[in-house]
Amino acid sequence: MATKPVILWFRRDLRLHDNPALNHAAETGRPILPVYILDEHFERPMGAASRWWLDKSLRALDAALQDRGSRLILRKGNALNQLQALIAETDADTVFMNRLFEPEAFEHDAEIAHTLKADGVECRGFNGALLCRPGAVLNGSGQPYKVFTPFLRALLATAEAPAHTTGPRQIQTPKTVQSDALDSWKLHPHRPDWSKGFDWTPGEDGASQALSRFIPSGLKTYAKDRDFPDRQGANSRLSPHLHWGEISPWRAIDRARQAAKENKLSESEADKFIAEISWREFSAHLLHHFPYITERAFRPEYDAMPWRKDDASLKAWRQGRTGYPLVDAGMRQLWTTGWMHNRVRMVVASFLIKHLLIDWREGEAWFWDTLVDADRASNVQNWQWVAGSGADASPFFRIFNPITQGEKFDPDGGYVRRWVPELRRLPDRWLQSPWTAPAEVLRDAGIVLGRDYPKPIVEHEKGRARALAALKTVSGRGDDHSDRD
Ligand SMILES: Cc1cc2nc3c(=O)[nH]c(=O)nc-3n(C[C@H](O)[C@H](O)[C@H](O)COP(=O)(O)OP(=O)(O)OC[C@H]3O[C@@H](n4cnc5c(N)ncnc54)[C@H](O)[C@@H]3O)c2cc1C
């Protein structure tokens with residue numbers, strides 16, 4: 001009886017450190033059966049960049065388990081069926097997992113736990129993904145927060161940092177259980193392999209290295225530099241690691257707090273970083289409490305926005321061929337590396353939603369497919385933030401000017417020149433608006449607009465006026481012409 005194994009069901013907690021489900025499984029003293037199930041039937045199918053990441057992260061997790069005498073068992077198909085099959089094969093009577101908090105997954109987990117319990121199997125879920133589980137941070141009336149700042153205050157007052165753990169040194173796993181071959185899942189792209197520019201180290205070691213690189217360097221000037229896409233190391237690039245649970249958000253926060261405590265950086269820099277990690281948390285809590293926001297506007301009046309259907313412009317946006325260098329640089333960075341700088345994400349999203357008046361859901365879907373950090377909650381929350389329709393959103397009339405954004409946040413043009421190399425010889429003065437350059441300047445830079453680089457697909461002022469007119473139809477606010485950056 002005592003040797004019945006515990007199934008440790010990995011999902012988006014692909015790590016051995018700070019893993020509550022693993023720690024609880026180890027405490028039982030029984031053999032552990034680490035399993036990952038590829039079940040693409042109950043939630044939105046993963047995007048292509050996420051599949052790329054998962055492939056490498058599972059290999060890293062398997063290697064880490066092998067170092068501790070274990071291995072990762074892979075199964076594909078309906079998660080409940082696969083768990084039941086494993087239970088039948090191994091005589092396991094316990095399943096431990098770290099919970100997912102997206103509404104579909106959360107309900108699905110509850111159904112699985114309910115069914116297994118009826119079969120006499122104990123099924124326990126833990127929180128390894130968030131600082132605080134949704135439902136634990138509520139306002140005085142017991143309602144979820146809809147505004148970030150009071151949420152942050154309450155979160156920091158409520159959330160308690162767990163002790164750092166490294167997991168058991170040895171993990172005993174039954175030898176005979178069959179596993180799929182990871183290659184047979186074909187998660188890595190073939191013909192064409194578009195991932196050659198993906199410069200990432202998925203897995204727990206990669207996550208820990210990213211944090212260790214960032215804390216002593218980028219974090220020192222984080223608040224000032226994080227908005228400049230060309231400043232190397234100014235952001236942590238932890239987002240895909242956090243999404244896949246290769247590092248606990250607590251680990252990142254503890255390391256930042258520790259560095260501030262040791263006077264290696266100012267407390268305000270650590271606080272800013274913690275606030276950004278808390279936006280991830282805010283997004284997850286919002287989606288958990290308001291599941292409809294994946295499909296509909298948080299503020300219902302925005303669902304009446306007169307979106308345009310314009311496939312040619314949507315395609316130009318996706319391909320980074322809008323004629324606006326900062327927008328195009330961002331979209332090409334995304335395609336090439338599976339990631340885009342946060343400031344530029346805001347600019348490209350604003351351009352799609354406002355200058356092109358294309359439904360934010362089109363942009364969200366493209367990001368979902370192409371981002372290595374594609375995260376249902378953070379993606380939807382941020383798209384609705386830009387669209388003005390979210391809980392604590394930027395007002396719709398805040399229309400980023402892609403030219404002045406470029407001049408302000410890419411003042412030396414390093415970012416644009418890197419991702420839009422056809423413009424590299426254009427002097428800074430015209431780099432963010434090539435169509436304003438005199439003919440001889442374009443000639444000297446070797447550019448014929450419309451041939452080497454597109455003319456703008458929409459004029460800034462016209463796009464802006466159209467967006468404000470559209471806003472007026474839903475909220476009567478289109479007359480507010482502030483153009484804040
Ligand atoms: C339109 C749009 C879509 C986005 N989609 C996603 C997404 O699918 N997945 C995702 O993880 N982030 C998303 N973001 C948020 C943000 O752009 C990324 O988290 C950030 O760029 C990741 O880089 P980093 O790890 O270097 O961030 P850092 O600046 O180092 O921040 C540290 C961590 O804080 C969190 N964080 C920072 N900013 C935000 C934010 N605005 N919202 C939520 N969490 C944040 C991330 O987990 C990040 O890793 C989106 C932003 C926009 C404007």
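The analysis underlying the following values was restricted to heavy atoms, covering all of them including side chains, and did not include hydrogens, waters or symmetry mates. Atoms within a ligand are numbered from 1 in the order they appear, just like the ligands themselves.
Here Lys315 does not pair with Asp311 in a salt bridge; the nearest charged N to carboxylate O distance is not below 4.0 Å. In this structure, Arg417 pairs ionically with Asp428, as a charged nitrogen and a carboxylate oxygen lie closer than 4.0 Å. Using a cut-off of 4.0 Å between Lys/Arg side-chain N and Asp/Glu carboxylate O, Glu276 and Arg226 are scored as salt-bridged.
Note: no N/O pair closer than 3.5 Å links Trp383 and ligand 1 by distance alone. Of the N or O atoms in Gln381, none lie within a sub-3.5 Å distance of an N or O in ligand 1.
Ligand 1 is never approached by His243 to a heavy-atom distance shorter than 4.0 Å. Using a 4.0 Å cutoff on heavy atoms, Trp385 does not count as a contact of ligand 1.
No more than 12 heavy atoms of other residues, nucleotides or ligands shown are found within 6.0 angstrom of CD on Glu459. Under a cut-off of 6.0 angstrom, the local environment of CD in Glu301 is crowded, with over 12 non-hydrogen atoms contributed by other residues, nucleotides or ligands.
For ligand 1, the atoms closer than 4.0 angstrom to any heavy atom of Met346 are 53 (C).
Selection from Leu238, Asp375, Ile353, Asn382 by nearest heavy atom to atom 52 (C) of ligand 1 gives Asn382. Of the options Val372, Asp227, Val347, Asn342, the smallest heavy-atom separation from atom 17 (O) of ligand 1 is shown by Asn342. With Gln384, Arg280, Arg226 as candidates, the residue nearest to atom 43 (C) of ligand 1 on a non-hydrogen basis is Arg280.
Contacts of Trp368 with ligand 1, taken as heavy-atom pairs under 4.0 Å, are absent altogether. Residue contacts with ligand 1, taken as heavy atom pairs separated by less than 4.0 Å, do not involve Phe282 at all. The part of Trp339 lying near ligand 1 is the side chain, judged by heavy-atom distances below 4.0 Å. The side chain of Phe273, and not its backbone, has at least one atom closer than 4.0 Å to an atom of ligand 1 (non-hydrogen atoms only; side chain from C-beta on). With a 4.0 Å heavy-atom cut-off, ligand 1 is reached by the backbone of Ser236 and by its side chain too. Of all the heavy atoms of Leu242, the ones lying under 4.0 Å from any atom of ligand 1 belong exclusively to the side chain.
Within the 4.5 Å cutoff, side-chain heavy atoms of Tyr292 are placed close to those of Phe298.
For atom 6 (C) of ligand 1, the closest heavy atom belonging to the protein is Arg345 NH1, 3.3 Å. Nearest protein heavy-atom neighbour of atom 26 (O) of ligand 1: Arg237 N, 2.6 Å. Among protein heavy atoms, the minimum distance from atom 29 (O) of ligand 1 is reached at Tyr222 OH, 2.6 Å.
The aromatic rings of His188 and Trp52 sit tilted, their planes meeting at an angle between 30° and 60°.
Aromatic rings from Phe151 and Trp279 are positioned such that their centres are separated by 6.0 Å or more. With ring centers used as reference points, Tyr415 lies 6.0 Å or more from Phe409. Between Trp317 and Phe351, a ring centre-to-centre spacing not shorter than 6.0 Å is recorded.
For the side chain to side chain donor-acceptor pair (under 3.5 Å) with Gln384, the qualifying choice from Ser394, Ser283, Ser389 is Ser389, the only one to do so.
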